[in-house]
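Right, one structure below, let's go through it.
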Number of protein chains: 2
Amino acid sequence: MSKTPKSEVLAKPAQSRRVTTRAAGAPKATPKPPANRAERAAERRAAIVEAALDEFIARGFAATRLDDIAKRAGVAKGTIYLHFKDKESMFEDLIRTAIVPLVGRMHAPPPPGATVRDAIEGFALAFMQEIASTRRGDIVRLIVAEGPRFPAIADFYYREVVSRGLAGMRALIEAGIARGEIRHQNLARFPQIMVAPALIAVIWQSLFARHAPLDAIEMFRVHLDLIFGERRAA
Amino acid sequence: MSKTPKSEVLAKPAQSRRVTTRAAGAPKATPKPPANRAERAAERRAAIVEAALDEFIARGFAATRLDDIAKRAGVAKGTIYLHFKDKESMFEDLIRTAIVPLVGRMHAPPPPGATVRDAIEGFALAFMQEIASTRRGDIVRLIVAEGPRFPAIADFYYREVVSRGLAGMRALIEAGIARGEIRHQNLARFPQIMVAPALIAVIWQSLFARHAPLDAIEMFRVHLDLIFGERRAA
DNA sequence: AATATATGACTGACCGGTCAGTCACCGTCA
DNA sequence: TGACGGTGACTGACCGGTCAGTCATATATT
């Protein structure tokens, strides 16, 4: 009962591949194409990652087509499978890769000479500028969206970002309490509170900014005023 | 060409159609077997809505199969199309319908005799119990997840829930400021801050509760302490 | 030439949407 | 009262489009 191999032929298109005259002499004269194979392969991979992130962010996991990723990356679909096992593991790889740079910032250096408030404020400023208002923020949203369907990603994100970030934040809060900058000891039990407005900002940007722009940085400052007391006279 | 009507019987679960003697007087006396056609249709629609919500919450829009919804609702796929135009508008209808009950609570009654803090705390308590820890919370997450792909839903949600909710919250905050319960006037500019921990709780429940349970209510109380001052000695 | 890399046409499974057919219900009439 | 025909809610096999993943072929590199 094998399938009739009937019309195997028909589809052959012309396929005259332009050979690019290939002027004699210059073998190395690769003008644009950067460098050796490995490098070019790495570049292609990077292009795929870039394109895939854009597509996944814009459409979510299930609705993203690999054809679109390939087209956006300027690559054939088969090339994707030279770098990734399948769509699912590609998605997980992608998110993991994209998260790493987020973690870098998380090692909050214990406040050197500045106040704890300054440390947190600088931190929040960086977060708002580098994450909330960029594509990185969409990655956070993507995790919220697809997390339940990709427990592995949710776990990874919790381990690598959430638990570390909260631990760092807790340390800062305790330092603030020890120094007398923060009066509410209970805050150390819920570092989430410190971070909450940042998450609000991320979500707001991608859902409601069109309707009502939100000055995320100013909001965070007001939030810090609640915790540390007013900065200056209103 | 109709297929042999042979085993037409099998799929019908018991469902012995009670003929409901149809006593003249009592048209309402339908005990178990629902009722007339219209009523049964409404029940089916409700079953579809219920099933669809579960599926959409579990899988997201794109990955949800209408066959699964039909199976879960105990209905044929075609039946879905008697009630909804297509998958997309069904999703939008669903979310809209599911949001409405959320809005009911939003009409924060101006604090009658109680303090503003009590009003907000009661409000938050209800939110945490009725939303954050139930399927309604997943609906909020679903909006965050699919919002960018369904601007109509994001718009609707902003109009019906976010803007109203924030307006109500702002009113409460201003009342609190007027009464001297709240010292930070700037808080009225960012009612989002008041609400932020609630959103955190919703997200936490569906992503990280397995790793680290979060006492959302206690967190919110601590948050209120920041705003209103400590309730009592720690 | 031999090998590594890239391509994109192709396949097959899957799924949204359709529609001809069925049958429970209801009003009506003898 | 009984039974009969019209109605429309319901069914599920089917169709056609879509898309993840494959692989024979083509190109680049050594």
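Protein atom CD of A:Glu43 is 17 Å distant from nucleotide atom P of D:dA28, rounded to whole Å. Nucleotide C:dT5 holds its C1' atom 16 Å from the CZ atom of A:Phe84, rounded to whole Å. The interatomic distance linking B:Leu82 (CG) with C:dG21 (P) rounds to 18 Å, in whole Å. Taking atom NE2 of residue A:His83 and atom P of nucleotide D:dG21, one finds them 16 Å apart after rounding to whole Å. Atom CD1 of B:Ile80 is separated from atom C1' of D:dA9 by 15 Å (rounded to the nearest Å).
The line from CD of B:Gln205 to CZ of B:Arg141 is 12.0 Å long, rounded to the nearest 0.5 Å. Separation of atoms CD1 (A:Ile69) and CG (A:Leu53) is listed at 9.0 Å; rounding is to 0.5 Å.
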Cut-off 3.5 Å, no hydrogens considered: what does the side-chain donor-acceptor table look like for residues 55-66 of chain A, sequence neighbours left out?
| residue | atom | partner | partner atom | Å |
| --- | --- | --- | --- | --- |
| A:Glu55 | OE2 | A:Arg72 | NE | 2.9 |
| A:Glu55 | OE2 | A:Arg72 | NH2 | 3.3 |
| A:Thr64 | OG1 | A:Glu55 | O | 3.2 |
| A:Thr64 | OG1 | A:Gly60 | O | 2.7 |
| A:Arg65 | NE | A:Asp68 | OD2 | 2.9 |
| A:Arg65 | NH2 | A:Asp68 | OD2 | 2.7 |

For residues 190-198 of chain A, dump all side-chain donor-acceptor pairs below 3.5 Å to protein atoms at least two apart in sequence or in another chain.
none

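Under 4.0 angstrom from either OP1 or OP2 of C:dA4 there lies no side-chain N or O belonging to A:Arg44.
Checked against B:Ile48 for a side-chain contact (heavy atoms from CB on, under 4.5 Å), the options B:Leu82, B:Leu94, B:Ile80 give a single hit: B:Ile80.
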Enumerate all atom pairs, one protein N or O and one N or O from nucleotides 16-19 of chain C, separated by less than 3.5 Å.
| residue | atom | partner | partner atom | Å |
| --- | --- | --- | --- | --- |
| C:dG16 | OP1 | B:Thr64 | O | 2.9 |
| C:dG16 | OP1 | B:Lys87 | NZ | 3.3 |
| C:dG16 | OP2 | B:Leu66 | N | 2.9 |
| C:dG16 | N7 | B:Lys77 | NZ | 3.0 |
| C:dG17 | OP2 | B:Tyr81 | OH | 2.9 |
| C:dG17 | OP2 | B:Lys87 | N | 2.9 |
| C:dG17 | O5' | B:Tyr81 | OH | 3.4 |
| C:dG17 | N7 | B:Lys77 | NZ | 3.0 |
| C:dG17 | O6 | B:Lys77 | NZ | 2.6 |

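The aromatic rings of A:Tyr158 and B:Phe208 sit tilted relative to each other, their planes meeting at an angle between 30° and 60°.
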